[in-house]
Asker: 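Once you've had a glance at the structure underneath, I'll fire off some questions.
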Number of protein chains: 2
Amino acid sequence: MDKQTITIYDVAREASVSMATVSRVVNGNPNVKPATRKKVLEVIDRLDYRPNAVARGLASKKTTTVGVIIPDVTNIYFSSLARGIDDVATMYKYNIILANSDENGQKEIQVLNTLLAKQVDGVIFMGNQITESIRAEFTRSKTPIVLAGSVDPNEQVASVNIDYVEAIDEATSTLVRHGNEKIAFVTGSLSEPINGQYRLKGYKKALAQAKIAYDPNLVFETEYSYKAGEAIWDRVKAAGATAAVIGDDELAIGLLNGAGDDGVVVPDDFELITSNDSKLTEMARPKMSSITQPLYDIGAVAMRLLTKMMNKEEVDNQTILLPYGIVERGTTK
Amino acid sequence: MDKQTITIYDVAREASVSMATVSRVVNGNPNVKPATRKKVLEVIDRLDYRPNAVARGLASKKTTTVGVIIPDVTNIYFSSLARGIDDVATMYKYNIILANSDENGQKEIQVLNTLLAKQVDGVIFMGNQITESIRAEFTRSKTPIVLAGSVDPNEQVASVNIDYVEAIDEATSTLVRHGNEKIAFVTGSLSEPINGQYRLKGYKKALAQAKIAYDPNLVFETEYSYKAGEAIWDRVKAAGATAAVIGDDELAIGLLNGAGDDGVVVPDDFELITSNDSKLTEMARPKMSSITQPLYDIGAVAMRLLTKMMNKEEVDNQTILLPYGIVERGTTK
DNA sequence: AAAAGCATTTAAACCGCTTGCATTTTTTTG
DNA sequence: CAAAAAAATGCAAGCGGTTTAAATGCTTTT
């Protein structure tokens, strides 16, 4: 009927030692005589004892679990980061509680709170908007937090990203160099700093450098999805753009297909560079030129940084920028 | 310095009631006088008290957390299921601990054990191979388990799937109807029941019905990845196939692109039907014809089933088959 | 007004493990 | 060989809740 769990107490009794000793051998504490350790280990094995992590968590105030807030696991960009996060988490004996937020501020706060209630040792947050309310929650809790692939303009909270300004500047400049003068900039909401501040800045910078006037009509704000990309093609075309820099791969492949289905030949008639270099770029035809970013590593590094913070180690640089690059594949001349 | 946590005890003191009463109001127990409830609620609000889920878990033996073992979050098929799982989990106030297994038996067991140590209330397992050792772990623990998008030939453990035999039969028959006689069947390892038993059976069934001899040379075993698909095209072509039924969307898009890059026109010269109807099917060009399966729902239903099991409700049918269909898009005539 | 019957509350025993401190055992040392 | 030092081990107090049995209040009944 009941789960007939065997506890540390059972082991102690069977091995005729105290719970304290059993606890020590379980935790690899060196203050145990080898003979005793062996005896205890045998009993543990015989009884098939497994420490209850919840009890352990209560007593030690550590759960070896971190919370991961992700907009949508189904988006390849985020799931790539998540994979990096999970792998290094595993490496450091942590588990991750994964929660989708849909970038909904309300949900984010809600989720963050339940994660904190569950006493996670740290949290990794993905989401492009660090609203005041979520920041308030962050600071209120003493739990370490790091952003992965998400910027905090204030640089208050630790984060791992690439230099979006430079990256988009370079991507845009590439397009300029290929002779384009009307380059569309299509991405997610400009109210998200990553778009409205960083990427847009890079875009403008490249234009200024090329002495091309900035035209707001070439800036397209939409959501990160394939459908949105397909849908926005008409407007991009109508605006007279001959090329586009795009902030998300799903969005980009949508736009690419939208153009293709419209009879436009890429890259001859239209060039395009996307931003994330996820595996989608290789799946598209033509393959998409892209800013390259180490997605997996962004997640991995973020998690590594978090382990340091949870470990109260001194961290010299809270705001990490990983290297990016540009690969030209089939969507640029 | 310390996290200065405020506990139920603090609330009790401030509200001059016992912890038990505070516990009752927190848990919505009706046996509390409205006036008392109000008073306690005020103190909770004033002190900004949040129940410690770990302590609660220890005392109540419920963690409202379920473990989710997934081969790879980065694979759109699995992440789609995961999304369904998480949404329903959230709906029922559960959180999910997500762990990647890479379909590695060793890792799966390892992960399952740490999940059980963390006292998850249930687990959802994705992975195409239910080895004896993992099944042993399953039965050893009294924790409810359900498989999502993964079959257990023995039907010992609860699961949610579509009818792979029928689905592949229908897909293959469609290809037959279009006049193909040499139809390749390309999928993951045949040692996985879902492929070796179910899908293969459907494939053979369709051939038999059409009086086409089964030719082992038209069966391709590979891994579920884009690269694998691209790579296997040459062999499929060499085998003289004029069409293919494929067990995974990433694999399918790889094969599709492999063919296209080789100058083969799909669907005129080669037809293809894939299996999962993930968003990749719409991203490919031509768009891929596919067996349709309610990916999100498979996850959602699996989680729903798990909630029932965790709740010790009687479950009439442990082996759920959701409806599937066939959509013909651009890769079939 | 005392006895009953309910509705509320409280006291206190866990839940299973960690950990500081005390105690015991073993090893060194003079 | 006794004393001091070091190494092992045990005790018991938490960790922050849940939950049951018992106690307390009030209202109702007779």
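In what follows, chains carry the letters A, B, and so on, assigned in the order in which the sequence lines appear, proteins first and then strands, with residues in each chain numbered from 1.
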Asker: Step by step, would you call Asn104(A) with Gln106(A) a side chain to side chain donor-acceptor pair (under 3.5 Å)?
Answerer: CA-CA 5 Å; Asn104(A) 171 147; Gln106(A) 202 67 37; 5.3 Å; no
Asker: In whole Å, I'd like the distance from the CG atom of Asp10(A) to the C1' atom of dC15(C).
Answerer: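 Checked: the CG to C1' distance equals 13 Å.
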Asker: Going 5' to 3' along nucleotides 18-24 of chain D, which nucleotides have protein heavy atoms under 4.0 Å from the base (write B), which only from the sugar-phosphate (write S), and which from neither (write -)?
Answerer: BBB----
Asker: For Ser80(B) and Arg83(B), test the side chains for any donor-to-acceptor distance below 3.5 angstrom and give the result as yes or no.
Answerer: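 Result is no, nothing qualifies.
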Asker: Starting at atom CG of Leu58(B), determine the distance to atom P of dA13(C), rounded to an integer number of angstrom.
Answerer: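 After rounding, the gap between these two atoms is 17 Å.
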Asker: Do Met309(B) and Gln318(B) touch side chain to side chain, with heavy atoms closer than 4.5 Å?
Answerer: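 A side-chain contact under 4.5 Å exists here.
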Asker: How do Ser18(B) and Thr7(A) order along DNA chain C: which one's closest nucleotide is nearer the 5' end?
Answerer: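 Going by which nucleotide is closer to the 5' end, it is Ser18(B).
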Asker: What integer distance in Å separates Tyr9(B):OH from dG14(D):P?
Answerer: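 Interatomic distance, OH of Tyr9(B) to P of dG14(D): 11 Å.
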Asker: Give a yes or no on whether Gln156(A) atom CD has more than 12 heavy-atom contacts from other residues, nucleotides or ligands under 6.0 Å away.
Answerer: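 Atom CD in Gln156(A) is packed in, count exceeds 12.
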Asker: Where the side chain of Lys61(A) is concerned, which of dC15(D), dA8(D), dT9(C) is the nearest nucleotide?
Answerer: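 That would be dC15(D).
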Asker: Answer with base, sugar-phosphate or nothing: what part of the nucleic acid does Arg37(A) contact at a heavy-atom distance below 4.0 Å?
Answerer: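 No contact at all - Arg37(A) keeps every heavy atom at 4.0 Å or more from the nucleic acid.
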Asker: Measure from CG on Asn31(A) to P on dT23(C) and round the result to the nearest Å.
Answerer: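 In whole Å, dT23(C) P and Asn31(A) CG are 18 Å from each other.
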Asker: Check every atom of dT9(C), dG16(D), dG16(C) against the side chain of Asn52(A) and return the nucleotide holding the closest atom.
Answerer: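 For Asn52(A), the side-chain atoms sit closest to dG16(C).
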Asker: How many Å lie between NZ on Lys38(A) and C1' on dA8(D), as a whole number?
Answerer: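 Whole-Å distance recorded here is 18 Å.
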Asker: When the distance from CG of Asn29(A) to C1' of dA7(D) is rounded to whole Å, what number comes out?
Answerer: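 Computing the Asn29(A):CG to dA7(D):C1' distance gives 12 Å.
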Asker: Charged N to carboxylate O below 4.0 Å: is that the case for Lys39(A) and Glu42(A)?
Answerer: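 Here Lys39(A) does not pair with Glu42(A) in a salt bridge, since their nearest N and O are not under 4.0 Å apart.
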Asker: Only one of Thr143(A), Val146(A), Val66(A) clears side-chain contact (heavy atoms from CB on, under 4.5 Å) with Val123(A); which?
Answerer: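 Result for side-chain contact (heavy atoms from CB on, under 4.5 Å) with Val123(A): Thr143(A).
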Asker: Looking for any heavy atom pair under 4.0 Å, which part of the strands does Val54(B) touch: base, sugar-phosphate only, or nothing?
Answerer: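 Nothing, no heavy atom under 4.0 Å.
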Asker: Give me the one residue out of Asn52(B), Thr64(B), Val54(B), Thr63(B) that meets side-chain contact (heavy atoms from CB on, under 4.5 Å) with Lys118(A).
Answerer: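 Filter result, single survivor: Thr64(B).
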